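First comes the structure, then the notes that go with it.
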Amino acid sequence: MANKAQLILEGKTYEFPITEGTEGEKGIEIGDLLEKTGAVTLDFGYKNTGATKSAITFLDGDKGILRYRGYSIEELAAKSTFLEVAYLLIFGELPMKDHLQKFSDDIRQHTMVHEDIKKILDGFPSTSHPMGVLASLFCAQTAFYPEAMDPNRSAEGVYLSIVRALAKMPTFAAWAYKNAMGHPVNYPDNKLDYCSRFLKMLYALPAEDYHVDPVVADALDKLLILHADHEQNCSTSTVRIVGSSKASIYSSISAGINALWGPLHGGANQEVILMLEEIRKDGGDTEKWINKAKDKNSGFRLMGFGHRVYKNFDPRAKIIKKAADDVLKKLGVNDPVLEIASKLEEVALRDSYFIERKLYPNVDFYSGIIYRALGIPVDMFTVMFAMGRLPGWIAQWKEMRENKEPIGRPRQIYVGQKLRSYVPIEKR
Ligand code: MLT
């Protein structure tokens with residue numbers, strides 16, 4: 001019975017094939033389970049359910065491994081650039097020099113957005129969260145590029161949509177921030193590289209001869225690499241299931257942006273800093289807040305610790321922690337909130353309560369610290385996560401389309417009322 005799983009249900013035995021991945025992961029193929037047995041599986045949050053076969057990202061939660069197309073996150077973060085990693089994720093191989101140059105030039109050609117986007121932007125009050133503005137502006141591209149909605153679009157057409165998505169995301173992100181500040185927007189300076197172009201749009205004031213700090217640009221490039229993909233997380237699964245209905249790349253990714261916004265997902269980095277600020281305002285007594293976290297009745301949860309997938313440590317967190325230390329040193333940042341973070345980190349890494357529960361600092365704990373040190377406003381932290389995750393969302397949407405995967409349609413176990421007759425309102 002090699003490569004088969006047996007299920008015994010109501011005295012009958014059923015067999016299902018087992019598929020094995022490149023790294024030895026096993027999946028029980030139950031595509032005909034309902035047809036064969038009359039039963040469905042039930043797996044809240046799909047934590048035990050594989051939704052696809054993917055060649056993009058491999059992660060091992062027990063060993064703390066993360067690889068994009070087989071390359072370790074450690075190597076890519078140390079040696080690559082965000083646009084090169086985006087190319088790798090989307091097209092499957094590290095680019096030759098001329099291919100990367102063309103990819104970068106193609107993106108550079110599309111950083112401008114239609115002036116009518118400003119009319120949409122102007123409709124958002126300055127109190128709008130930048131993630132809501134970003135999701136709307138990103139989806140609005142379907143209005144300006146309706147050809148992208150063709151589900152059978154040519155490979156060249158899909159490439160153009162991909163380039164436009166990568167090119168305009170930083171512009172939308174910076175404009176969402178300027179809208180929140182009530183400041184005029186900046187147009188992209190195409191003489192600059194990807195991250196510098198974004199930072200100048202984000203920070204430059206009208207008529208200012210703004211110069212981007214290369215330390216900040218390099219740190220941002222590394223952060224975007226570390227966030228570029230993470231297999232079938234909540235927002236990526238959202239992009240895939242929306243895309244499975246043959247919705248456009250822009251609609252699918254706009255849905256992903258909305259999924260990422262949640263505080264249990266991409267919004268966690270914003271929650272970390274808000275938590276640290278609360279501890280600072282309360283006097284900075286980390287011991288008191290650590291004890292609150294241990295007290296089930298306190299209702300307080302330490303944000304930025306532990307992970308659904310990684311059981312021992314988040315490999316990205318290790319890299320970001322080093323980057324955070326480097327950036328704070330280079331920028332000479334002395335922020336009381338950051339000192340509180342260091343104390344929390346120190347306790348979490350040695351306190352048995354946290355060790356037993358695998359509550360170690362994760363990628364969101366440190367990314368919030370770096371973004372703050374880079375001067376990025378807290379409401380923009382999740383927008384930065386979205387900018388980083390964009391190539392992963394694109395790669396996963398493209399893979400799902402190329403594999404001609406079926407529309408996603410999960411089943412359920414119904415627990416509602418049995419059949420009953422309508423009662424006229426006068427008789428209720
Ligand atoms: C991510 O990078 O998407 C987050 O760590 C969440 C996850 O993978 O579930």
Side-chain angles (χ1 to χ4, degrees), residues 23 25 43-52 54 56-69 71-74 76-77 82 85-86 88-89 131 134-135 169 220 222-242 252-253 255-272 301-321 323-324 358-371 381-397 399-400:
E23 296 292 339
E25 299 154 292
D43 182 18
F44 290 102
Y46 311 111
K47 295 192 282 295
N48 302 281
T49 299
T52 190
S54 178
I56 298 168
T57 290
F58 170 70
L59 64 81
D60 182 316
D62 293 324
K63 297 178 186 155
I65 293 172
L66 176 58
R67 296 182 198 139
Y68 298 160
R69 299 285 189 180
Y71 295 96
S72 75
I73 192 66
E74 291 81 3
L76 292 171
F82 177 61
V85 166
L88 169 67
L89 285 167
M131 280 296 278
L134 181 68
M169 173 66 103
L220 180 58
K222 190 187 288 284
L223 281 164
L224 296 182
I225 289 173
L226 291 166
H227 285 84
D229 195 52
H230 211 238
E231 59 131 278
Q232 305 308 311
N233 58 83
C234 176
S235 54
T236 298
S237 301
T238 301
V239 169
R240 284 187 85 119
I241 202 163
V242 171
S252 304
I253 289 172
I257 294 170
N258 280 296
L260 187 73
W261 192 359
L264 292 181
H265 190 9
N269 54 22
Q270 176 171 338
E271 294 300 315
V272 166
R301 177 181 165 211
L302 269 181
M303 295 304 289
F305 289 83
H307 194 281
R308 277 169 297 283
V309 176
Y310 293 115
K311 297 297 171 256
N312 300 298
F313 64 92
D314 183 334
R316 301 167 296 178
K318 284 192 167 188
I319 300 165
I320 284 199
K321 174 177 175 3
K358 313 282 185 197
L359 293 176
Y360 47 81
N362 62 27
V363 67
D364 301 314
F365 182 77
Y366 297 113
S367 58
I369 289 170
I370 289 195
Y371 291 143
F381 285 9
T382 312
V383 169
M384 308 312 297
F385 195 146
M387 269 179 60
R389 187 53 50 89
L390 180 59
W393 286 333
I394 291 170
Q396 301 267 353
W397 177 89
E399 180 180 67
M400 179 267 307

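Indexing begins at 1, ligand by ligand and atom by atom, following the structure's order. Predicted model only: the values in this text are computed from it and were never measured.
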* Structure fact -> With W397 as partner, the option from V242, T236, I253, V239 fulfilling side chain to side chain contact (heavy atoms under 4.5 Å, CB included) is V239

* To do: State which residues pass ring pair (Phe, Tyr, Trp, His ring centres under 6.0 Å) with Y310; sequence neighbours excluded, sorted by chain then number.
  => H230, H307

* Taking any residue with a non-hydrogen atom under 4.0 angstrom from an atom of ligand 1, which ones do you get? -> H230, N233, H265, H307, R308, R316, F385, R389

* Given H227, which of Y68, F82, F385 fulfils the ring-ring contact (aromatic ring centres under 6.0 Å, His included) condition? -> F385

* **Partner set under ring pair (Phe, Tyr, Trp, His ring centres under 6.0 Å) for F305, not counting sequence neighbours** => F365

* Side chains of E231 and S54: do they bring a donor and an acceptor to under 3.5 Å? -> no

* Structure fact -> ring pair (Phe, Tyr, Trp, His ring centres under 6.0 Å) filter on Y366, not counting sequence neighbours, yields none

